Amino acid sequence: FHNLESYCSLNFSSFFPPECMISATELELLMQNVIFAHQETCQFRQENLQILRWETFSPEEMQNFQQKPMDQMWERCVCHITDAIQYIVEFAKRLSGFTDLNPNDQIVLLKAGAMELLLIRMSRAFNCFNNTVFFEGKYAQLELFHSLGCTDLITSMFDLCQSLCALNLSEHEMAFFNAITLLNPSYPWLQDKHKVDTLYRKIHFAFRHLLRRTHREFILMKLPEKEKLSNICQLHLEKLNIFRQMYPTIAWERFPPLYKELFISETENS
Ligand SMILES: O=C(O)[C@H]1CC[C@H](C(=O)N2CC[C@](c3ccc(C(F)(C(F)(F)F)C(F)(F)F)cc3)(S(=O)(=O)c3ccc(F)cc3)C2)CC1
């Protein structure tokens, strides 16, 4: 019945189970909560990213980055991503209903979703006209990250940013896309799947309500599929493991605890 049920919930809102039904005021409050949670927890403001978007690194600066040793460049980037993920954790905590979830499930959703939300947010810091991304104060071309030794990962991140930029998402749409990506009820390790599913359906309903009001329903079909995001996350984990084989102690000694907690599996921690 799964297909029938998901088909119904998409097309016949009256098929919503009772706990999913929300009043008009609750709907407005939920929409504001998602939008404010996003606005208050972005690392950089949209207008500042826009102002700087033609500030690119000079060839000399590029070379300087490209000549950095692999472990140094990895450590810098891992610190940046950890900073960005702290904001993403804050976004989750401000989503009404997230902190009411089973604490184990909150961790499961953040472990699985933090990198996906990072990738979505990255498109805000991406200039699709010259294929550059905001990095350490200016916009950087893909080649700047050469010394990381994971050009396929960087390329797939840039491609994802290009596809998201093509949708020209508003900050409101970005907020909802992040919220529904985080609250994915299909993760296997969830203890209270039903509670996550109820919250997911409410936020998805509010997202569709926003899109109907702005005549932007078509983007729902054009958002990157789940597996496109998870493939890039998988590639990130593979590159991290290759790096750790090359520099076995760096990850332990120099990577921030939050990054290790999220991306270096417990079995190795013990
Ligand atoms: O909240 C906001 O306003 C946004 C949040 C997201 C920010 C952002 O784009 N980022 C924050 C950290 C960023 C980032 C992305 C990916 C990674 C890695 F995958 C690897 F290095 F391998 F690529 C790692 F983890 F393995 F190391 C590290 C760090 S970055 O800006 O340092 C950056 C690095 C490489 C790029 F090729 C493009 C960007 C992306 C931009 C500001």
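Counting convention: from 1, in listed order, for ligands and their atoms alike. Predicted model, so just to flag it, every value in this text is computed and none were measured.
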Inset, instruction - Measure up the F158 and F145 rings against each other and bin them: parallel (under 30°), tilted (30 to 60°), perpendicular (over 60°). - result: perpendicular

Inset, instruction - Please report the closest heavy-atom contact between R53 and N127, naming both atoms and the distance. - result: O-ND2, 3.1 Å

Legend entry - Modelled atom types, side-chain donor and acceptor of T249 and R244, under 3.5 Å: no

Inset, instruction - Kindly tell me which protein residues have any non-hydrogen atom under 4.0 angstrom away from an atom of ligand 1, grouped by chain and ordered by number? - result: C42, Q43, F44, W74, C77, V78, H80, I81, A84, M115, L118, R121, M122, R124, A125, V133, F134, F135, F145, L148, C150, L153, I154, M157, F158, H236, Y259

Legend entry - Aromatic centroids of F126 and Y139 separated by under 6.0 Å: no

Inset, instruction - Evaluate the ring planes of F57 and F65, with Trp represented by its six-membered ring, and classify them as parallel (under 30°), tilted (30 to 60°) or perpendicular (over 60°). - result: perpendicular

Inset, instruction - Anything under 30° is parallel, anything over 60° is perpendicular, the rest tilted; go ahead and classify F44 against F134. - result: perpendicular

